[in-house]
Protein chains: 2
Amino acid sequence: MVEYTSPLDTIFSSLADPTRRDLLRRLRRQDYSVGELAQRYDLTFAAVSKHIQVLERANLVRKHKRGREQRVELSPGGLQQADKYLEQYRALWEGRLDRLGTFLEDKK
Amino acid sequence: MVEYTSPLDTIFSSLADPTRRDLLRRLRRQDYSVGELAQRYDLTFAAVSKHIQVLERANLVRKHKRGREQRVELSPGGLQQADKYLEQYRALWEGRLDRLGTFLEDKK
DNA sequence: AGTATATTCAACCATATAGTTGAATGATAG
DNA sequence: CTATCATTCAACTATATGGTTGAATATACT
């Protein structure tokens, strides 16, 4: 068992949490500070801050300082990698749908 | 903290494990029995069996009995759901970097 | 300077999960 | 019927993770 952790481990485990997916959803519309985001959840500030750190490690968000706050914004990197991973399988189920399509076609 | 676990929780946490991703990779080519898969890893039979159960719960694979073995095959359901989730974000990195949030449907 | 605000860090607790071993179930072959 | 093969179940251990609280750091306000 190797010690190495793949980027996909980090990305997918980040996406596996509903709070973190909700954070991403909000960030699609606009940037927020950590505090603005934290207000929206029934969690402590520290808990939300940790969720954001997890998203950051997965390259799903980026932070940059603005005064005393940290602005959080979406970072497409992680999502792109996840998408690229799924792409390997996309043909597979589209293939099945195609086959179903042709099957229906043949019955006509 | 809500008790409900979304399908996406299950799907993404399944995909977060490298052994499970490797199982899926093998299954892209062909079906295998649980035992055939287990042979390929430096893990106990039971451990691999449990990984497959996790994949099954996430609708990433299906099993069906054949004689005394269980044949395992890919099931596109889970992967499709993951793909549909990522689709909401695809526009963000595919050139349209303007804020188009208003008409994105809000999906957790 | 001194106080308030924003965020992180550290220590800790509870629960979930990956792994093990050994027993139990189920199907096939003699 | 019994022995064997394929798989799962149960109990347990170790580690990772989500959550908390309280202290620490950094910037802003007056």
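In what follows, every chain begins at residue 1, and chains take the letters A, B, ... in the order their sequences are listed.
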Completion exercise
Ordered by number, residues from residues 44-59 of chain B within less than 4.0 Å of DNA chain D (heavy atoms) are B:Phe45, B:Ala46, B:Ser49, B:Gln53

Exercise for the section: Please list, by residue number, the residues of residues 60-72 of chain A whose heavy atoms come closer than 4.0 Å to an atom of DNA chain D; answer none if no residue qualifies. Expected result: A:Lys65, A:Gly67, A:Arg68

Interatomic distance where [atom1] belongs to [X] and [atom2] belongs to [N] [whole Å]:
{"X": "A:Asp9", "N": "D:dT17", "atom1": "CG", "atom2": "P", "result": "10 Å"}
{"X": "B:Leu37", "N": "D:dT8", "atom1": "CG", "atom2": "C1'", "result": "16 Å"}
{"X": "A:Tyr41", "N": "D:dT20", "atom1": "OH", "atom2": "C1'", "result": "19 Å"}
{"X": "B:Leu15", "N": "C:dA18", "atom1": "CG", "atom2": "P", "result": "13 Å"}
{"X": "B:Leu43", "N": "C:dT17", "atom1": "CG", "atom2": "C1'", "result": "14 Å"}
{"X": "B:Asp17", "N": "D:dT15", "atom1": "CG", "atom2": "P", "result": "17 Å"}

Quiz: residues 54-61 of chain B side-chain donor-acceptor pairs under 3.5 angstrom, not counting sequence neighbours:
residue: B:Glu56; atom: OE1; partner: B:Lys63; partner atom: NZ; Å: 3.2

Handout entry: Which residues share a ring pair (Phe, Tyr, Trp, His ring centres under 6.0 Å) with A:Tyr89, sequence neighbours left out
Key =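 For A:Tyr89, the residues satisfying ring pair (Phe, Tyr, Trp, His ring centres under 6.0 Å) (neighbours in sequence not counted) are A:Tyr85.
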
Sequence-distant partners of [X], side-chain contact (heavy atoms from CB on, under 4.5 Å), two or more places apart:
{"X": "B:Arg29", "answer": "none"}
{"X": "A:Ala47", "answer": "A:Leu43, A:Thr44"}
{"X": "A:Arg62", "answer": "A:Glu73, A:Ser75"}
{"X": "B:Asp9", "answer": "A:Pro18, A:Arg21, B:Thr5, B:Ser6"}

Completion exercise
The reported gap from CD in B:Glu69 to NE2 in B:His64 (rounded to nearest 0.5 angstrom) is 9.5 Å

Practice task
Check every strand shown and say whether A:Ser13 touches a base, only sugar-phosphate, or nothing at a heavy-atom separation below 4.0 Å.
Solution key: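 A:Ser13: no heavy atom of the nucleic acid under 4.0 Å.
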
Practice task
Please list all pairs passing the ring pair (Phe, Tyr, Trp, His ring centres under 6.0 Å) test where one or both residues lie in residues 15-44 of chain A, with sequence neighbours left out.
Solution key: none

